[in-house]
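Here's the structure, in structure tokens; my notes come after.
Residue numbers begin at 1 in each chain, while the letters A, B, ... track the order of the sequences. In this text, all values refer to a predicted model and were calculated from it rather than measured experimentally. Reckoned from all heavy atoms, side chains included, excluding hydrogens, waters and symmetry mates.
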Protein chains: 2
Amino acid sequence: MSKPTERDIARIRARQAREDFNIFSRLPAVYAASRSQGQKFLQHGGGLSIVEWRTLWDLCEVGPMTIRDLAAIQRADHSLLSRALPEMRRKGFVTMRRDAEDGRQMIVEIAEAGRAAYETAAPVMARRRAALRAVFSEEEVNQFVGYLDRLEDFLRTPIDEFLKEDTAE
Amino acid sequence: MSKPTERDIARIRARQAREDFNIFSRLPAVYAASRSQGQKFLQHGGGLSIVEWRTLWDLCEVGPMTIRDLAAIQRADHSLLSRALPEMRRKGFVTMRRDAEDGRQMIVEIAEAGRAAYETAAPVMARRRAALRAVFSEEEVNQFVGYLDRLEDFLRTPIDEFLKEDTAE
DNA sequence: AGAAAATATATGACTTGTCACGAATTATTT
DNA sequence: AAATAATTCGTGACAAGTCATATATTTTCT
């Protein structure tokens, strides 16, 4: 009975219900849903990709910056930007120039087509944030973000610390 | 001044701080960190991939089931499993057979090598969950999951509902 | 000044996830 | 019984991430 050969629907349901409380297993689904919804909104706002949107938004809000800066703001790996930017330049969304003072850095700046694309997408994305605010109060967002902070902190702890201890389960 | 040509570090910092409270922008990073940590744990537990681990775990806990069932438990698209399973069969982790009663379905069952791989990985992964419990109390996990539920609900709402309303920002 | 270390970017290889569509099978309707 | 609809799975095409490593440049140390 601990190893039935037939599909057991009750057990499947039970497993599903239990996994609802497994944070590790919830995260991918929530993130995927967020990405998917974001892409749909962007589709209605001119067809930018998520990376493009985030980058144009950052550049419009704060002005020119390096690839590293963009990655830091977006909490993403720099390679993601490094790969996306040449195509954005080709589209006329941004300009890129090597920093005169520090030859390692690349300074990215918004260009005309980029500002236009941003202005098309921005109102739609503002709607999205407004819709979220209708669901979560400011206080709740703060609490939620507090949990995310703590979780991220946990997730970035080197794993040796957990594996060394002698207490399991 | 609203469009400086030089990199403005104070503004970059400010933007970063503001984005800390943007749930949409936090999610990818938190998820990426979780995936990355999970992969590292699995590396110490025999080298399974995340999809492999989830699948073996589910199959060991509930017995044989269809691809659809696995996708539902994992809250993932069926295509992800559909693609991963043939390789798992090749490794001797699972067996697959077409359901005799419903010829559309594929019944997946744990196999010997799969159980062995599971048993190697399981203690390490149990450590991980234990470590998380040291950081979040049961009550907190429930609250956190509550937020995730509400967020996921929001994220799966058809976007027309948000775009039709006349109130922006 | 020269050597060593650190930092910024680019790039290859990989994983996890989506969506859309076609083919096969089963269920429902007329 | 035939036609229509729904479901399951497979697969192609893509997006968004990661990590590791190489290269160029700057910084720091001796």
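A salt bridge is defined here as a Lys NZ or Arg NE, NH1 or NH2 lying under 4.0 Å from an Asp or Glu carboxylate O, and Glu52(A) with Lys91(A) meets this definition.
Of the two residues contacting DNA chain C, namely Lys40(A) and Ile67(A), the nearest-nucleotide position lying further toward the 5' end is that of Ile67(A). Nearest-nucleotide positions on DNA chain C for Ile50(B) and Met106(A) put Met106(A) closer to the 5' end. Mapping Gln39(B) and Ser49(A) onto DNA chain D by nearest heavy atom places Ser49(A) closer to the 5' end of the strand.
Taking atom CZ on Arg98(A) and atom P on dA24(D), their separation rounds to 11 Å, with Å as the unit. Atom CD1 in Ile107(B) sits about 19 Å away from atom P in dT7(D), given to the nearest Å. Rounded to whole Å, the distance from CD on Glu87(A) to P on dA16(D) is 12 Å. Here the P atom of nucleotide dG17(D) and the CG atom of Leu70(A) are 13 Å apart, to the nearest Å. In this structure, CG of Leu80(B) is placed 15 Å from C1' of dG12(D), rounded to the nearest angstrom. In this structure, Gln37(B) places its CD atom 16 Å from C1' of dC19(D), rounding to the nearest Å. The nearest whole Å value for the distance from the CZ atom in Arg83(A) to the P atom in dC19(D) is 13 Å. dA20(D) atom P lies 10 Å from atom CD of Gln43(B), rounded to whole Å.
Residue-level contact check: Glu101(B) touches the backbone only, with heavy atoms under 4.0 Å from sugar-phosphate atoms and none from bases. Among the heavy atoms of the strands lying under 4.0 Å from Ser82(A) is at least one base atom, whether or not backbone atoms are also near. Among the heavy atoms of the strands lying under 4.0 Å from Thr66(A) are primed sugar atoms or P, OP1, OP2 only; no base atom is included.
A side-chain donor from one of Thr66(B) and Asp69(B) sits under 3.5 Å from a side-chain acceptor of the other.
Ring geometry, Trp53(B) versus Tyr118(B): the interplanar angle falls under 30°, so the pair is classed parallel (tilted spans 30 to 60°). Aromatic ring pairs are classed by plane angle as parallel below 30°, tilted from 30° to 60° and perpendicular above 60°; the pair Phe136(A) and Phe144(A) is tilted.
With a 6.0 Å cutoff to the six-membered ring centre and a 45° limit on the axis angle, Arg129(A) does not count as a cation-pi contact of Phe24(B).
With a cutoff of under 4.0 Å to any heavy atom of chain B, the contacted region of DNA chain C is bounded 5' to 3' by dT15(C) to dT26(C).
Atom CZ of Arg97(A) sits in a crowded spot, with more than 12 heavy atoms from other residues, nucleotides or ligands closer than 6.0 Å. Within a 6.0 Å radius of CZ in Arg18(A), no more than 12 heavy atoms belonging to other residues, nucleotides or ligands are found.
Stacking between His78(B) and dT8(D) is absent: the aromatic ring centre is not both under 5.5 angstrom from the base six-membered ring centre and within 30 degrees in plane angle.
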